Structures are given as structure tokens and as C-alpha cells.
> 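Here it is: the structure, laid out below.
Note that the structure is a prediction, hence the values are computed from the model and not measured. Whatever order the structure lists them in is the order used to number ligands and atoms, beginning at 1. Any value given below was found using the heavy atoms of this structure, including those in side chains, with hydrogens, waters and symmetry copies removed.
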Amino acid sequence: MNTKTKIAGIELDSCILNASGPKDATMEELEAIANSASAAIMMKSCTIEPREGNEEPRLYVFPEGCFQSMGLPNLGYKKYIGFAPQLKKFKKPIIASLAGFSKDDYVTMVEAFQRSEVDLIEVNLSCPNVEGKPIVGYDFEQAEKLLKSFVGLGEKPVGLKLPAYYDMNHFQQMAKLVLKYNISFLTCINTITSLIINPETEATVIKPRKGIGGVSGTFIKPFGLSNVRIFYELLENKVSIMGVGGISTGTDAFEYLLAGADAVQIATTFEKEGPGCFERINNEMKEILKRKGYNSIESAKGKLKYL
Ligand code: SIN
């Protein structure tokens, strides 16, 4: 069974890779991903300056998922540019993830990564966890200004990590920008802004931002699937899509392929299970594809049936 896929023309040996977020901020963590069956090495979203992130406790793990307000703890973009040549020996695509606080931040980082040894650049327009940093993906005017400033700064494919949308008008506005600025790939979706309360203590379960954070895991899968499907249709299969949200089994990954994803990213399951999850999910997905008579990722992609 051939599970190769392509994201914006870059070949991946399988369609399962880590998502930016868990366990991908240090060289040690990135090497663990490189040594796993993850099809690519996705880095933690970086900022211009290194960041400690938000106050602890900032991560709450529960049976169905994770809830966090990490606040972009990372080593600063220059470190990740420095890591890329060392990660090249693993012969897998390297994906940088960038989260700026201003237009200048995005321009500086996109320019720098365009000159680096990474293969793809994912621009995070959807982090919900930093005080004073709005989710740019929900502000279409601001998003357009940003896209205008950083597209065309180099030849490497640039994609966007988007928040979940719920309204067709919002999907259409973002799809229009994606086509206008030749965005090469989309990653749908980031965590969903939420609140979890401990009824015993009557308190929030995380400290930052009065307990508001981003939730991930099983129950965000339907949101991820709808976002992949709607963009797949609006973009008429012209832009690669990576699905993320609630993937813990091969069946979940298969559903994302049917919706129109070219690849899927794993966050919560990687956080909980460790790097063995990539091979397990890939094997489970291959079994399903085989049983259903699909012989490639491409042959299953987008094949969702309507009643
Ligand atoms: C974080 O570090 O707060 C998570 C990053 C994100 O949600 O994009």
C-alpha cells in the first residue's frame, strides 16, 4: 500500500505527521519526531524572541483530549533556523511554524525561513492563547494585510494554520484570500477557545487568561472535518490541505482523507501516547484503505459521499 502524499508539491512518505504544538520545541524533541514514523518534522510555532510561555498550570490532560494555554513557549525563530541543517540528515520534509505579533514579525520570519533549509512554512494565524494577540484568522482585513506582506518573499511553499470557522461567509472570505495570494496549503484546525471548570474546587483548571484556553481531542474532530471539507470544495482541490483535530485512530485519519485532506497532523494523541502513535495510526489507516479497495491516499481523498 502506497501512502505517499504531497503537500504543495513536497513529497511525504506517509500522510501522518506531528502537528505544531506538543513536544516539538527543542532539538531533542524534534529528533524524537525525526526518528519516529511521522512523515515530516513539524516545529513548534516560533516567535521573534524566545518565550517562556504562560504561567503554570497551563496544560490539563483529560480522557477525551487536552486543554491548554501554553502561550507559545519557544526558543525564538533563529534557533529553529539553526536546527534545520541538523535535521536534514533524517531526510524528511521540515516544516517551520511561525507566529508573529506584528506584520514586521511575520515578514522578518518568513524572509528568514525562506532562506533556510526548511521545506515548508506554516504561518499560524490561529493561536488563541496569548493576551493581546488576537486570532488574525478571524480578522479578514488584517489577514489580507499580512498575506500581502509575506507572500512572494521566496520560493518555498507558504501555508496557513487556521482557526475553526463556523459561518459560510467566513469560509468564503478566507478561501478568497487563499486564492488571491497563492497560499500553497492550509492546516485546519487549531484548538477551539473553551473553558473547563472543576466542579469540586469550583475553579478553572488552568491558570492563564482566567482559565480560558484551547481545547483539542476527540470532540473537536467534527469541527476539523467540516473545515477541511468546506475548504476542499471552495478551493476546488487547488490547495493542499492538512487536517488536524481529534485524530487518534486510523479511522479518524481515513475520515479526514474522505473530507479532502492530503495529510493529517497529530497533536493530542502524540502528547498522550508519544512518537509510537504515528506508526500505529498509519498502519490502522492502511488496513482500512486496503479493506475498502483504495490503493493510495489520492484515491481516497475527497471521496465523501452525500446522501
Ligand atoms: C500555544 O503555545 O499556546 C499553542 C499554540 C497554538 O495554539 O497555536
> Tell me, which residues have any heavy atom less than 4.0 Å from some atom of ligand 1?
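Under the 4.0 Å cut-off, ligand 1 touches K44, Q68, M70, G71, L72, P73, N124, C127, P128, N129, N190.
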
> Salt-bridged, K145 to D139, with N to O below 4.0 Å?
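Salt bridge: no.
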
> Is K301 salt-bridged to D262, cutoff N-O under 4.0 Å?
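Result for this pair is yes, salt bridge flagged.
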
> Hey, are K180 and E144 close enough for a salt bridge, meaning a charged N less than 4.0 Å from a carboxylate O?
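So K180 pairs with E144 through a salt bridge.
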
> Would you please name every residue forming a ring-ring contact (aromatic ring centres under 6.0 Å, His included) with Y80, sequence neighbours left out?
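Partners of Y80 under the ring-ring contact (aromatic ring centres under 6.0 Å, His included) test: F83.
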
> Name the residue from K221, M285, E284 that meets the side-chain contact (heavy atoms from CB on, under 4.5 Å) definition with D252.
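Between D252 and the candidates, side-chain contact (heavy atoms from CB on, under 4.5 Å) is satisfied uniquely by K221.
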
> Checking K303 side chain against S299 main chain: does a donor-acceptor pair fall under 3.5 Å?
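Yes: the side chain of K303 pairs with the backbone of S299.
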
